[in-house]
Novice: 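My questions will all concern the structure given below.
Along the sequence shown, the residues carry numbers beginning at 1. Values below: every heavy atom of this structure, side chains too, minus hydrogens, waters and symmetry copies.
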Amino acid sequence: MFTSQDVAKLRQATGVGMMDCKKALTETNGDFDKAVTYLREKGMAAAAKKADRIAAEGAVTSYIHMGGKIGVLVEVNCETDFVAKSNNFQALCKDIAMQIAASNPKWVRREEVPADVVESEREIARQQAINEGKKPEFADKIVEGRLNKFYKEVCLMEQEFIKDPSKDITLVLNEAVLSIGEKLTIRRFVRYEMGEGLEKRQDNLAEEVAKMMNK
């Protein structure tokens, strides 16, 4: 349907990451022009063009879950102090902080996941495939599929947006770039959960936060 050269060509034309280019070509059955349009509609191409800009302004936003059970600090960067003080930017920061509280990511993006963690997850997936009796020729695809699922669980940028599961956080950020008109970056975060690491009764905190966000 399409080749790795097609993916590279689309990346060069749009500046979007390889995985997103591959997804665009998959969604459009390998049609290059439609893939470009797909990425533009998703806001990815526009966001990529701003990738080389310097985003050193922004805000550190906090979110405390009702009752003080979860606390989040997140740093989101933009290009100007003017935008940092805008309502749209502040609303984005709040949404990101609430996302972190609800979905408990471990890293911002997959490139930050330590190599030993990735290798461990890869080996677990490989062993699972063997135990399930999968054919060797299918094993690699199965492993990569499960590894991608792992990234979607632990990497903020790849998580489903809790307020709209049809979007991931990458798309939410790209849409904000289009709306605000500046480069935006989620730089880092820290999440505290009351009693974390201590033996305690398990509550579904993510469900509680999700209910609050949908009110």
Novice: Is the closest basic N to carboxylate O distance between Glu112 and Arg109 below 4.0 Å?
Specialist: yes
Novice: Which heavy atom in Asp164 sits nearest to a heavy atom in Ser166, and how many Å separate them?
Specialist: OD1-OG, 2.6 Å
Novice: Any link between Val118 and Leu156 through a network of hydrophobic side chains (Ile, Leu, Val, Met, Phe, Trp, Tyr) touching at under 4.5 Å?
Specialist: no
Novice: Just by modelled atom types, is the Met157 backbone N or O under 3.5 Å from a matching donor or acceptor in the Thr170 side chain?
Specialist: yes
Novice: Which heavy-atom pair separates Glu182 from Val83 by the least distance, and what is that distance?
Specialist: OE2-CG2, 3.2 Å
Novice: Should Tyr151 and Val172 be regarded as members of a common hydrophobic cluster, given that ILVMFWY residues are connected when their side-chain heavy atoms come within less than 4.5 Å of each other, either directly or indirectly?
Specialist: no
Novice: Hey, what else clusters with Val190 if you join Ile, Leu, Val, Met, Phe, Trp, Tyr whenever side-chain heavy atoms sit under 4.5 Å?
Specialist: Val60, Leu73, Tyr192
Novice: To the nearest 0.5 angstrom, please state how far the CG atom of Leu147 sits from the CD atom of Glu119.
Specialist: 9.5 Å
Novice: Please round to the nearest 0.5 Å and tell me the distance separating atom CZ of Phe89 and atom OG1 of Thr80.
Specialist: 9.0 Å
Novice: To the nearest 0.5 Å, what is the distance between CZ (Arg126) and CD1 (Ile142)?
Specialist: 11.5 Å
Novice: Which pair of heavy atoms, one from Leu173 and one from Ile186, lies closest together, and at what distance?
Specialist: CD1-CG1, 4.2 Å
Novice: Which residues pass the side-chain contact (heavy atoms from CB on, under 4.5 Å) test with Val154, sequence neighbours left out?
Specialist: Lys106, Trp107, Phe150
Novice: Carefully, step by step, assess Lys183 and Glu79 under the rule salt bridge (Lys or Arg N to Asp or Glu O under 4.0 Å).
Specialist: CA-CA 6 Å; Lys183 176 182 178 180; Glu79 296 178 45; over 6 Å; no
Novice: Do Val76 and Phe82 share a hydrophobic cluster, counting only Ile, Leu, Val, Met, Phe, Trp and Tyr and linking them when any side-chain heavy atoms are less than 4.5 Å apart?
Specialist: yes
Novice: Supply the atom-to-atom distance Asp20 CG to Asn174 CG, rounded to the nearest 0.5 angstrom.
Specialist: 8.0 Å
Novice: Return yes if some donor-acceptor pair links the side-chain N/O of Asp168 with the main-chain N/O of Glu160 below 3.5 Å, else return no.
Specialist: no
Novice: Under a 4.5 Å side-chain heavy-atom rule over Ile, Leu, Val, Met, Phe, Trp and Tyr, are Phe32 and Tyr38 clustered together?
Specialist: yes
Novice: In Å and rounded to the nearest 0.5 Å, what is the SG to CG distance from Cys78 to Leu92?
Specialist: 10.0 Å
Novice: Do you know which two heavy atoms are closest between Ala101 and Arg191, and how far apart they sit?
Specialist: O-NH2, 2.8 Å
Novice: Looking only at the side chains, is there a donor atom on one of Asn131 and Gln127 sitting less than 3.5 Å from an acceptor on the other?
Specialist: yes
Novice: Do Ile96 and Tyr63 come within less than 4.5 Å of each other through their side chains, counting heavy atoms only?
Specialist: no
Novice: Can you give me the closest heavy-atom contact between Ala59 and Gln90, atom names plus distance?
Specialist: CB-NE2, 4.2 Å
Novice: Could you check whether any side-chain N or O of Gln99 sits under 3.5 Å from a backbone N or O of Phe161, counting only pairs where one atom can act as donor and the other as acceptor?
Specialist: no
Novice: Between Ser120 and Asp116 (side chain of the first, backbone of the second, donor and acceptor by atom type, cut-off under 3.5 Å), is there such a pair?
Specialist: no
Novice: Could you tell me whether a side-chain N or O of Ser179 sits under 3.5 Å from a main-chain N or O of Glu175, the two making a donor and an acceptor?
Specialist: no
Novice: If I take atom CG from residue Asn104 and atom CD from residue Gln159, how far apart are they, to the nearest 0.5 angstrom?
Specialist: 8.0 Å
Novice: For Leu10 and Cys21, which heavy atoms make the closest approach, and how far apart are they?
Specialist: CD2-O, 3.6 Å
Novice: Verify the cluster assignment for Val36 and Phe2: are they in a single hydrophobic cluster under the rule of side-chain heavy atoms below 4.5 Å apart?
Specialist: yes
Novice: Among Lys167, Arg110, Lys149, exactly one meets salt bridge (Lys or Arg N to Asp or Glu O under 4.0 Å) together with Glu158. Which residue is that?
Specialist: Arg110
Novice: Donor-acceptor check, side chain of Asn148 to backbone of Gly145, threshold 3.5 angstrom: yes or no?
Specialist: no
Novice: Decide yes or no on salt bridge (Lys or Arg N to Asp or Glu O under 4.0 Å) for Lys22 and Glu144, but give the supporting numbers first.
Specialist: CA-CA 14 Å; Lys22 184 177 180 180; Glu144 289 308 311; over 6 Å; no
